[in-house]
There are 2 protein chains.
Amino acid sequence: MAKPRSGPYICGIDAALDVVSGKWKGLILWELDTYDVRRFAELRRGLPGVSEKMLTQHLREMEQDGLVHREVYAEVPPRVEYSLTEHGRSLNAALGPLGRWGMDRIARERTELVEHRDAEILPRPS
Amino acid sequence: MAKPRSGPYICGIDAALDVVSGKWKGLILWELDTYDVRRFAELRRGLPGVSEKMLTQHLREMEQDGLVHREVYAEVPPRVEYSLTEHGRSLNAALGPLGRWGMDRIARERTELVEHRDAEILPRPS
DNA sequence: TGGGGTACTTACCACAAGGTGAGTGAGGAA
DNA sequence: TTCCTCACTCACCTTGTGGTAAGTACCCCA
């Protein structure tokens with residue numbers, strides 16, 4: 001048992017966040033959405049810094065949650081392909097507005113940083 | 001320092017999740033969206049099970065992230081009112097589709113549970 | 001005089017999430 | 001012959017997140 005699903009949720013946000021929270025899950029979703037089908041090692045290269053343990057763990061949880069499909073080919077060397085299920089794709093669609101909000105936040109943060117920097121560099125216009 | 005913001009994000013989802021992840025933040029957002037203005041103790045009563053420490057901590061972080069506005073009245077007994085900022089409201093709007101997806105997930109889970117239960121109660125229709 | 005409400009802060013503690021490094025077993029490249 | 005790749009698993013350790021309980025300073029009500 002990887003995670004004891006926290007049972008009855010208070011609202012939909014709860015239920016959705018439970019499924020996407022996890023350091024790499026957003027990126028995995030993104031990667032599988034843009035590439036359609038990806039092998040384990042491809043995903044690992046696509047998420048720089050992820051450990052193999054976390055990648056397998058997250059993929060298993062997402063499989064349990066019905067977001068990703070795992071196809072194992074009985075070959076040597078082994079081949080495992082991951083792709084999004086219908087639910088995974090609909091989750092990604094539902095994450096669209098949130099992603100756009102996040103982009104705005106990044107842009108906002110950057111302009112604030114720039115303003116701060118300018119304020120430090122030019123505190124008093126002589 | 002409450003949280004070292006993880007710096008440059010890879011995508012918008014990252015940036016947005018960084019802001020809403022936290023055990024009670026979704027509920028706080030929801031509460032402030034439905035009631036518009038809430039005092040500390042009202043929020044605490046609205047989130048059954050939250051500790052005072054976590055509530056203040058989450059509210060401070062959300063204030064730092066520009067999601068909530070904190071208005072302190074110099075009265076005795078003290079009065080502090082929390083409300084959503086423009087960004088907080090837009091975040092809530094962006095969370096709408098995700099919330100609906102979560103509701104679907106809850107419904108889906110429930111029907112699966114019912115099917116399981118039926119399968120156990122009526123394994124063989126005599 | 002004692003209790004409750006207001007909005008916190010602080011210290012301490014437990015558990016979960018995540019990172020590290022090793023091992024697996026077969027095949028192909030150097 | 002040694003290393004690398006594939007897709008993991010396992011044991012161990014560190015960090016982060018959240019919970020508990022107490023303290024604070026002032027006021028109102030019984």
Side-chain angles (χ1 to χ4, degrees), chain A residues 1-7 9-10 14 17-28 31-32 35 37-65 68-83, chain B residues 1-7 9-10 14 17-28 31-32 35 37-65 68-83:
Chain A
M1 251 170 275
K3 243 206 280 187
R5 276 15 179 116
S6 42
Y9 299 111
I10 304 179
D14 253 33
L17 285 183
D18 188 28
V19 147
V20 274
S21 66
K23 197 170 177 187
W24 306 94
K25 290 196 181 171
L27 279 306
I28 293 174
E31 191 83 2
L32 287 182
Y35 289 99
V37 174
R38 294 246 99 177
R39 299 181 58 173
F40 184 86
E42 289 173 330
L43 280 171
R44 186 154 56 86
R45 283 188 288 264
L47 315 182
V50 73
S51 65
E52 302 193 338
K53 185 191 112 186
M54 284 317 300
L55 186 52
T56 43
Q57 194 180 313
H58 280 168
L59 285 169
R60 290 297 141 84
E61 288 175 7
M62 294 168 82
E63 194 192 354
Q64 275 205 344
D65 288 333
V68 311
H69 173 70
R70 181 164 175 268
E71 187 81 37
V72 183
Y73 296 88
E75 300 176 359
V76 162
R79 182 158 64 104
V80 181
E81 286 184 350
Y82 294 93
S83 55
Chain B
M1 254 171 267
K3 240 203 281 186
R5 275 17 178 116
S6 41
Y9 299 112
I10 304 178
D14 253 33
L17 285 184
D18 187 28
V19 147
V20 276
S21 67
K23 196 172 179 188
W24 306 94
K25 289 196 183 171
L27 278 308
I28 293 174
E31 191 84 1
L32 287 182
Y35 289 99
V37 174
R38 294 247 98 180
R39 299 181 57 173
F40 184 85
E42 290 174 329
L43 280 170
R44 186 154 55 87
R45 283 189 288 265
L47 315 182
V50 74
S51 66
E52 301 193 338
K53 185 190 111 187
M54 283 318 298
L55 186 52
T56 43
Q57 196 179 113
H58 279 170
L59 285 169
R60 291 298 141 85
E61 287 174 10
M62 295 169 80
E63 195 192 353
Q64 274 205 345
D65 289 333
V68 311
H69 173 70
R70 182 164 175 267
E71 186 80 37
V72 184
Y73 296 87
E75 301 176 359
V76 164
R79 183 157 64 105
V80 181
E81 286 185 349
Y82 293 93
S83 55

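Numbers restart at 1 for each chain; the letters A, B, ... are given by sequence-line order, proteins then strands. Quantities reported herein were computed from a predicted structural model and do not represent experimental measurements.
- Looking at heavy-atom distances under 4.0 Å, Arg45(B) makes contact with sugar-phosphate atoms alone, never a base.
- Residue Lys23(A) places its side chain closer to dG18(C) than to any other of dT6(C), dG18(C), dT9(C).
- Taking atom CD of residue Glu52(B) and atom P of nucleotide dC8(C), one finds them 10 Å apart after rounding to whole Å.
- Contact of Lys53(A) with dG19(C) (side chain to base): a donor-acceptor pair of N or O atoms is detected under 3.5 Å.
- Comparing Val50(A) and Val72(B) along DNA chain C, the residue whose closest nucleotide (by nearest heavy atom) sits nearer the 5' end is Val72(B).
- You'll find that the side chain of Pro77(B) is closest to dG5(C), out of dA7(D), dG5(C), dA7(C).
- Looking only at side-chain heavy atoms (C-beta outward), Tyr82(B) and Leu32(B) come within less than 4.5 Å of each other.
- Between Asp18(A) atom CG and dT17(D) atom P the separation is 17 Å, expressed in whole Å.
- Scanning all heavy atoms of the two residues, the minimum distance from Val37(B) to Ser83(B) falls at CG2-CB, 4.2 Å.
- Side chain of Arg60(A), nearest nucleotide from dC6(D), dT9(D), dT20(D): dT9(D).
- Separating the CD atom of Glu75(B) from the C1' atom of dC26(D) is a distance of 13 Å, rounded to the nearest angstrom.
- Glu61(A) places its CD atom 8 Å from the P atom of dA17(C), with the value rounded to the nearest Å.
- Among the atoms of the strands shown, only primed sugar atoms or phosphate atoms (P, OP1, OP2) are found under 4.0 Å from some heavy atom of Tyr82(B).
- The distance from atom CZ of Arg70(A) to atom P of dA7(D) is 10 Å, rounded to the nearest whole Å.
- If you take CD of Glu71(A) and C1' of dC8(D), they are 17 Å apart, rounded to a whole angstrom.
- Note: CD (Glu81(A)) to P (dC8(D)) measures 12 Å, nearest angstrom.
- Among Arg70(A), Lys25(A), Lys23(A), the one residue that satisfies the salt bridge (charged side-chain N to carboxylate O under 4.0 Å, His left out) test with Glu61(A) is Lys25(A).
- Looking at heavy-atom distances under 4.0 Å, Arg44(B) makes no contact with the nucleic acid at all.
- Between Arg39(B) and Glu42(B), the shortest heavy-atom distance links the atoms N-OE1, 2.7 Å.
- If you measure from atom CZ of Arg39(A) to atom C1' of dA7(D), you get 9 Å, rounded to the nearest angstrom.
- Side-chain nitrogen and oxygen atoms of Trp24(B) include at least one within less than 4.0 Å of the OP1 or OP2 phosphate oxygen of dG19(D).
- The shortest side-chain heavy-atom distance between Leu59(A) and Leu43(A) falls under the 4.5 Å cut-off.
- Residue His58(A) places none of its side-chain N or O atoms closer than 4.0 Å to OP1 or OP2 of dA17(C).
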